[in-house]
Amino acid sequence: MSTSVVEKKIPSGAIASHVLLAGDPKNPPAILLHGAGPGATAASNWVRCAPDLAKHYYVIAPDLVGFGQTELPAELPTHILGWIGHRVEQVLGLMDTLGVERAHVVGNSMGGALTLHALVQAPQRFDKVLLMGAIGAPFEYSWEMKRLLEFYKDPRPARYKEVIESFVHDPAAVPGLDEIIKQRYAVAMDPKTREMTNLLFQAQSAGMNDLTVPEAQLGRLPHPVLLVHGRQDRIVPLDTSLYFLKHLQQAELVVLDRCGHWAQTQRWDAMYPLIVKHFGG
């Protein structure tokens, strides 16, 4: 069975999405939703993970609206809730096009908030859920989060390196991190990407806590949820996962040591078996 990753443009509601696909479409589908740092795309988050997951699942990883090569809506939102709404419709539209009635989902950071909003809107379309360093709970911005959202005020390579290294616990312990930084910086500095990300960061800065999913809505979600959080996450605090743990019907929390905000990059040795155990292999 091939586990190679292919890229396609796929209709997803009102727009076409740039999507990474891997694995046998007859396998259980697993949708991977990336975060929102400068230069973020489906590939930057998931291309190293997808071949392993493709051994068990039909992997679907879109560039979310506002990122990568996915088309933009005709009218750009000015608030983060508008962007999340477009992304919910994007995910559901993508599932419709691919003939996916129900899927497992992994949500990282902003992709975690998106996952929760999608579960609230269309709970019947999703099965088991893994949230990794997810937002969607009330929290105060860390220094590192503020620096991330203000990156384009000083977009030098050295500053970008500082921002991305704050995503990991020990940069020296992450093989290939310099290459990841180089690739993502090139994406972040593309003129069109820079203009769009600036717009997204303005919307995010003004309304991050508006993404909070109320306790009552979390309490009605029937999905089994595995929460994974890096013990040394300096971007999104562990308190967000504790909020979800307190209010979700079915939730377990795993805290990974020697791990910052990118568990899939730093602790894939732990993440991979957690996903397979939670989703079923």
Side-chain angles (χ1 to χ4, degrees), residues 7-20 31-46 60-98 105 107-122 125 134-136 139 141 145-155 159-160 163-164 183-213 235-236:
E7 302 181 46
K8 290 187 177 181
K9 266 288 179 65
I10 300 176
S12 50
I15 61 167
S17 293
H18 181 259
V19 184
L20 304 184
I31 299 174
L32 312 181
L33 302 177
H34 65 75
T41 63
S44 69
N45 260 214
W46 307 118
I60 305 164
D63 287 346
L64 297 171
V65 176
F67 296 92
Q69 299 176 54
T70 286
E71 291 180 358
L72 294 170
E75 185 174 344
L76 300 181
T78 57
H79 192 278
I80 191 60
L81 281 175
W83 286 104
I84 286 292
H86 277 294
R87 292 167 190 156
V88 170
E89 297 300 325
Q90 174 195 13
V91 171
L92 296 175
L94 183 60
M95 293 171 70
D96 290 342
T97 299
L98 293 173
V105 59
N108 171 218
S109 196
M110 177 276 293
L114 168 57
T115 298
L116 290 167
H117 282 258
L119 295 180
V120 169
Q121 180 172 321
R125 301 299 300 273
I135 61 174
F139 76 99
Y141 292 177
M145 175 65 84
K146 291 178 183 177
R147 183 58 58 88
L148 183 158
L149 294 173
E150 295 175 351
F151 163 68
Y152 286 107
K153 293 181 179 179
D154 178 18
R159 185 67 73 198
Y160 190 78
V163 168
I164 297 303
Q183 292 172 354
R184 285 182 59 122
Y185 183 74
V187 174
M189 295 308 292
D190 175 88
K192 290 183 179 179
T193 300
R194 180 172 178 172
E195 180 181 2
M196 180 53 54
T197 308
N198 247 328
L199 182 64
L200 291 172
F201 281 180
Q202 290 172 19
Q204 200 157 311
S205 296
M208 182 85 80
N209 277 323
D210 291 336
L211 292 178
T212 297
V213 181
I235 303 296
V236 176

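Residues take their numbers from the sequence shown, with the count starting at 1.
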Verify side chain to side chain contact (heavy atoms under 4.5 Å, CB included) between N108 and H34, making sure each step is shown before the conclusion. CA-CA 5 Å; N108 171 218; H34 65 75; 5.5 Å; no

Walk me through whether L114 and V88 qualify under side chain to side chain contact (heavy atoms under 4.5 Å, CB included). CA-CA 7 Å; L114 168 57; V88 170; 3.6 Å; yes

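- Contact record, A42 with A61: CB-O, 3.3 Å, taken as the closest heavy-atom pair.
- Inter-residue side-chain proximity for M196 and L76 is flagged as met; some heavy-atom pair is nearer than 4.5 Å.
- Taking both residues in full, the closest heavy atoms of L64 and Q90 are given as CA-OE1, 3.5 Å, listed atom of the first, atom of the second, then distance.
- Side-chain contact check for R125 versus D96: some heavy-atom pair is nearer than 4.5 Å.
- You'll find the side chain of W83 stays beyond 4.5 Å of the side chain of Q204, heavy atoms only.
- Contact annotation: the side chain of Y141 approaches that of L149 to within less than 4.5 Å [non-hydrogen atoms, C-beta and beyond].
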What verdict does the side chain to side chain contact (heavy atoms under 4.5 Å, CB included) test give for I80 and M208, after you've listed the backbone C-alpha separation in whole Å, the side-chain angles of each residue and the deciding distance to 0.1 Å? CA-CA 7 Å; I80 191 60; M208 182 85 80; over 6 Å; no

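- Smallest separation of non-hydrogen atoms from L33 and T115: CD1-OG1, 3.5 Å.
- K8 NZ: 12 or fewer foreign heavy atoms inside a 6.0 Å radius.
- To the nearest 0.5 Å, atom CG of residue L199 and atom CZ of residue R194 are 14.0 Å apart.
- Between Y152 and F201, the ring-plane angle classifies as tilted under the 30° and 60° cut-offs.
- At a threshold of 4.5 Å between non-hydrogen side-chain atoms, the residues Y160 and M189 do not count as touching.
- Side-chain contact check for L92 versus Q121: some heavy-atom pair is nearer than 4.5 Å.
- Here the closest non-hydrogen pair linking L81 and D210 is CD2-O, 3.6 Å.
- Atom CD1 in I84 sits 6.5 Å away from atom CD1 in I135 (nearest 0.5 Å).
- Side-chain atoms of I164 and Y185, non-hydrogen and from C-beta on, never get closer than 4.5 Å to each other.
- The side-chain contact (heavy atoms from CB on, under 4.5 Å) test with V91 singles out one residue from M95, E89, R87, and that residue is M95.
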When you look at H18 and T41, which way does the side chain to side chain contact (heavy atoms under 4.5 Å, CB included) test go after all the steps? CA-CA 10 Å; H18 181 259; T41 63; over 6 Å; no

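- Side-chain atoms of T97 come within 3.5 Å of backbone N or O of G93 as a donor-acceptor pair.
- Minimum heavy-atom separation, A134 to G112: CB-CA, 3.7 Å.
- Using a 4.5 Å cut-off on side-chain heavy atoms (C-beta onward), Q183 and S44 make no contact.
- Counting heavy atoms of neighbouring residues, nucleotides and ligands inside a 6.0 Å radius, atom CD of E195 does not exceed 12 of them.
- Heavy atoms only, all atoms of each residue included: L94 and S12 are closest at N-CB, 3.6 Å.
- At least one donor-acceptor pair closer than 3.5 Å links the side chain of K9 to the backbone N or O of Q69.
- Atom CZ of R147 and atom CD1 of I235 lie 11.0 Å apart (nearest 0.5 Å).
- The structure places CG of L211 at 9.0 Å from CE of M110, a figure rounded to the nearest 0.5 Å.
- Distance check, rounded to the nearest 0.5 Å: CZ of F67 to OG1 of T197 gives 6.0 Å.
- For the atom pair CG (L32) and CD1 (I60), the distance works out to 8.5 Å, reported to the nearest 0.5 Å.
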